[in-house]
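Have a look at the structure below, then the notes.
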Amino acid sequence: MIKEKILVIGASGQIGVELTLALRKIYGNANVVASDLREENDLLKGSGPYVSLDVMNKEMLHVQVIRQNITQIYLLAAILSATGEKNPNLAWNLNMQSLLNVLDIAREEKLTKVYWPSSIAVFGPSSPKKLCPQQTIIEPATVYGISKYAGEFWCNYFHQRYGVDVRSLRYPGLISYKSAPGGGTTDYAVEIFYEAMEEKKYECFLGAGTYLPMMYMPDAIRATIELMEAPQDRISVRHSYNLSSMSFSPAEIATEIKKHIPEFEISYKPDYRQTIADSWPQSIDDSVARNDWGWKHEYDLPKMCGDMLKNLEIQK
Ligand code: NAD
Ligand code: SER
């Protein structure tokens, strides 16, 4: 049996921190190498190896893969939707070139598996708003969504043409308390908790009724690991799987938070991110993931809110 050695690229980000810690529990601390352009996140310090790495530098990435005997890569480095609209060229270059660098190296070094996340941002204004299916009209309206959709085709291409075992999920907006989100349109659903606890009020950059698909980080981490551990013959989608757990609006999450913090008040001042949010579906049909590899979510809105507030209180 191959001894797996994993490289997580973008390990200091919102998903990277928790995914690295979860992978270290499964594969052993020494067998999961965290890497990022920025410094090592405090929560990772002392828990396993860390290397400073720019994924755009293909030569250095290749050297690390060989030097560390890497067999799997989880590529999380990206520029998200809101930041991407401020700098479309940068978002396109990073999101595309990082994936092509990783896929090329995976092919050359015969890596056993690659993980790369896509997003609900692949869907655009012409996609169905409710229970958006796995296969439908997909015309993304943001540079982030365009880069994710193109990336999905590259994943499928490298699988079909070179046999690279690359797997992918279209994450909804992710909500977490361990590491901060990095420039997405769904970031309000994390900020709101901090402001509710500290200020008892929050000015939301999306309108009251803006429904979006969301997921609590423990579900997202479990989905990622379950997808990666599923037998090859259970993976029918080589572009990227729809993934879903809950959908809510800013008004609904505010009502839920008020059950725990009655004095909390929300106000609304939509900005440029409203247009991005309005281009995305309100809910996602993830029945293909559920049928193929048995995906089941655990957290709905009330359960997620209760857990977030409990953990943020402990962190205070
Ligand atoms: P994040 O911005 O929090 O983290 C990305 C990390 O990548 C950062 O730590 C950053 O320093 C690092 N990075 C950036 N450029 C790099 C480079 N050149 N070399 C090495 N590292 C670099 O993002 P995240 O929220 O953790 O997202 C991870 C992945 O999941 C991305 O592909 C994102 O598109 C996808 N995704 C996230 C969400 C979400 O809600 N967080 C939803 C859908 C998809
Ligand atoms: N949470 C992400 C964003 O808002 C969705 O991919 O950009």
Side-chain angles (χ1 to χ4, degrees), residues 7-16 19 35-38 52-65 70 72-109 111 113-124 127 135 137-174 181-186 224 227-228 237-243 276 279-280:
L7 177 65
V8 181
I9 302 171
S12 288
Q14 189 193 9
I15 302 171
L19 189 55
S35 73
D36 204 294
L37 198 55
R38 57 173 146 151
S52 179
L53 184 78
D54 181 355
V55 68
M56 299 296 271
N57 187 335
K58 189 177 176 188
E59 223 170 289
M60 285 312 294
L61 173 62
H62 206 155
V63 167
Q64 283 296 342
V65 167
I70 295 300
Q72 297 188 18
I73 295 179
Y74 286 65
L75 170 58
L76 304 173
I79 287 178
L80 278 79
S81 60
T83 311
E85 289 312 287
K86 289 190 176 154
N87 198 336
N89 284 341
L90 189 68
W92 175 256
N93 288 338
L94 174 65
N95 296 1
M96 280 295 87
Q97 200 54 52
S98 59
L99 178 60
L100 290 172
N101 288 352
V102 166
L103 289 173
D104 262 345
I105 292 169
R107 173 173 62 93
E108 284 173 42
E109 299 304 326
L111 299 191
K113 281 177 202 166
V114 173
Y115 178 74
W116 172 83
S118 182
S119 162
I120 53 158
V122 293
F123 299 116
S127 303
Q135 278 184 315
I137 300 169
I138 301 188
E139 296 173 331
T142 60
V143 68
Y144 175 67
I146 297 169
S147 72
K148 289 294 181 188
Y149 199 37
E152 291 186 4
F153 281 89
W154 278 117
C155 289
N156 188 57
Y157 181 84
F158 268 74
H159 176 69
Q160 299 297 335
R161 173 126 194 227
Y162 305 117
V164 175
D165 188 356
V166 50
R167 303 178 183 198
S168 178
L169 296 170
R170 290 172 178 157
Y171 290 132
L174 299 180
T185 303
T186 56
T224 307
L227 171 74
M228 291 300 277
V237 175
R238 289 295 180 168
H239 290 85
S240 187
Y241 277 101
N242 276 10
L243 188 73
I276 302 175
S279 77
W280 292 347

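The first residue in the sequence is number 1, and the count goes up from there. Hydrogens, waters and symmetry mates are skipped; everything else that's a heavy atom, side chains included, is used. The shown structure was predicted, so the numbers you read here are calculated from the model rather than taken from an experiment.
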Does the pair His62 and Glu109 meet the rule for a side-chain contact (heavy atoms from CB on, under 4.5 Å), with working shown? CA-CA 9 Å; His62 206 155; Glu109 299 304 326; 2.6 Å; yes

Do you know the tightest heavy-atom contact between [X] and [Y]?
X: Ala77; Y: Ser98; result: O-OG, 4.1 Å
X: Thr185; Y: Ala82; result: OG1-N, 4.1 Å
X: Gly151; Y: Met96; result: N-CE, 3.5 Å
X: Met56; Y: Asn93; result: CE-O, 3.5 Å

Could you check if a side-chain atom of [X] sits within less than 4.5 angstrom of a side-chain atom of [Y], using non-hydrogen atoms only?
X: Gln72; Y: Leu111; answer: no
X: Leu75; Y: Val114; answer: no
X: Tyr115; Y: Leu227; answer: yes
X: Leu99; Y: Cys155; answer: yes
X: Asp104; Y: Arg107; answer: yes
X: Asn101; Y: Asn57; answer: no
X: Ile276; Y: Tyr144; answer: no
X: Asn95; Y: Ile79; answer: yes

Tell me if a side-chain donor or acceptor on [X] pairs with a main-chain N or O of [Y] at a distance below 3.5 Å.
X: His159; Y: Asp165; value: no
X: Arg238; Y: Val166; value: yes
X: Ser35; Y: Val8; value: yes
X: Lys113; Y: Met228; value: yes
X: Asp36; Y: Ser12; value: yes
X: Lys148; Y: Pro117; value: yes
X: Arg170; Y: Val122; value: no
X: Ser168; Y: Trp116; value: yes
X: Ser240; Y: Glu152; value: no
X: Glu139; Y: Ser127; value: no

What verdict does the side-chain contact (heavy atoms from CB on, under 4.5 Å) test give for Val55 and Leu94, after you've listed the backbone C-alpha separation in whole Å, the side-chain angles of each residue and the deciding distance to 0.1 Å? CA-CA 8 Å; Val55 68; Leu94 174 65; 4.0 Å; yes

With a cut-off of 6.0 Å (strictly less than), are more than 12 heavy atoms of other residues, nucleotides or ligands near CD of Glu59? no

Sorted by chain and residue number, the side chain to side chain contact (heavy atoms under 4.5 Å, CB included) partners of Ile15 (sequence neighbours excluded) come out as Leu19, Leu76, Tyr171, Leu174, Met217, Ile221

Identify, with sequence neighbours excluded, every residue that meets ring pair (Phe, Tyr, Trp, His ring centres under 6.0 Å) alongside Phe123. none

Check ring pair (Phe, Tyr, Trp, His ring centres under 6.0 Å) between Trp92 and all other residues, then give those that pass, not counting sequence neighbours. none

I need the Leu243 CG to Thr224 OG1 distance, nearest 0.5 Å. 7.5 Å

Separation between CG of Leu103 and OH of Tyr162, rounded to the nearest 0.5 Å: 10.5 Å

Starting from the C-alpha separation in whole Å, work towards a yes-or-no answer on ring-ring contact (aromatic ring centres under 6.0 Å, His included) for Tyr157 and Phe153. CA-CA 6 Å; Tyr157 181 84; Phe153 281 89; over 10 Å; no

Leu61 vs Ile9, side-chain contact (heavy atoms from CB on, under 4.5 Å): CA-CA, chis, key distance, verdict: CA-CA 10 Å; Leu61 173 62; Ile9 302 171; 3.7 Å; yes

